[in-house]
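First the structure, in the form of structure tokens, and then the observations on it.
Only this structure's heavy atoms are used, side chains among them; waters, hydrogens and symmetry mates stay out. Nothing fancy with the numbering, it's 1 onward along the sequence.
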Amino acid sequence: MNAMVYVRGNPSDFNGWQDDHGAAGWGYLDVLPYFIRAEGNARCRGPLHGTDGPLHVEDLVYRHELSQAWVESAVKWGLTANEDFNGETQMGAGRSR
């Protein structure tokens, strides 16, 4: 298997570096503008995504039917559906984009 997935670090990690370890300027809200500026997202828009940065982010061209079945079963089991792991939360089940 050869794949690349674009998922930013968890916000609590950045905030922990700042708050618990004194890394001033490394809180999630401090670094978020750099993520946005670097991102050239083909699908997602809005305040958490960039569209014209040099890091091209797009959905998979091919999706196997078993991948979708797994996500659907995870949601039926009780996980929240998540279409954007770089959005409001990284929790839930969804396909990597």
Side-chain angles (χ1 to χ4, degrees):
M1 181 170 125
N2 184 11
M4 294 180 70
V5 178
Y6 174 63
V7 179
R8 301 173 189 154
N10 191 281
S12 65
D13 290 336
F14 291 99
N15 293 336
W17 296 334
Q18 177 177 269
D19 300 340
D20 301 335
H21 302 289
W26 278 94
Y28 184 69
L29 293 179
D30 297 312
V31 299
L32 181 60
Y34 296 98
F35 283 123
I36 293 170
R37 194 174 320 147
E39 187 176 324
N41 199 307
R43 178 177 57 92
C44 295
R45 306 278 187 270
L48 297 176
H49 297 284
T51 57
D52 59 356
L55 179 61
H56 299 284
V57 179
E58 59 187 27
D59 291 346
L60 295 170
V61 175
Y62 173 77
R63 292 190 186 112
H64 196 280
E65 61 190 46
L66 290 178
S67 296
Q68 183 59 30
W70 185 92
V71 171
E72 290 172 5
S73 67
V75 170
K76 286 180 184 175
W77 181 76
L79 291 177
T80 302
N82 189 344
E83 292 292 321
D84 180 10
F85 291 104
N86 290 315
E88 293 291 326
T89 183
Q90 290 182 334
M91 298 300 292
R95 293 185 308 265
S96 297
R97 308 264 177 198

* Asked: Which atom names give the shortest non-hydrogen contact between M91 and T89, and what distance separates them?
  -> N-OG1, 3.1 Å

Sequence neighbours left out, cut at 3.5 Å: what donor-acceptor pairs do the side chains of residues 16-37 make with other protein atoms?
residue: Q18; atom: OE1; partner: G27; partner atom: N; Å: 3.1
residue: D30; atom: OD2; partner: G27; partner atom: N; Å: 3.2

* What pairs with A74 under side-chain contact (heavy atoms from CB on, under 4.5 Å), at least two apart in sequence or on another chain? -> W70, L79, A93

* Connected via hydrophobic side-chain network under 4.5 Å: Y6 and V71 -> no

* Asked: Given R43, which of D59, T51, V57 fulfils the side-chain contact (heavy atoms from CB on, under 4.5 Å) condition?
  -> D59

* To do: Could you tell me whether the side chain of L48 reaches within less than 4.5 Å of the side chain of E88, counting heavy atoms only?
  => yes

* **Closest contact, heavy atoms only, N41 versus R45** => O-NH1, 3.0 Å

* Asked: Within the side chain of N86, is there an N or O that forms a donor-acceptor pair under 3.5 Å with the backbone of H49?
  -> no

* Which other residues belong to the hydrophobic cluster containing V61, where Ile, Leu, Val, Met, Phe, Trp and Tyr are joined when side-chain heavy atoms lie under 4.5 Å apart, directly or via other members? -> none

* **Which residues share a side chain to side chain donor-acceptor pair (under 3.5 Å) with S12, sequence neighbours left out** => N10

* Sequence neighbours excluded, which residues qualify as side-chain contact (heavy atoms from CB on, under 4.5 Å) partners of H64? -> Y62, L66, S67

* Mind checking what makes salt bridge (Lys or Arg N to Asp or Glu O under 4.0 Å) contact with R8, not counting sequence neighbours? -> E39

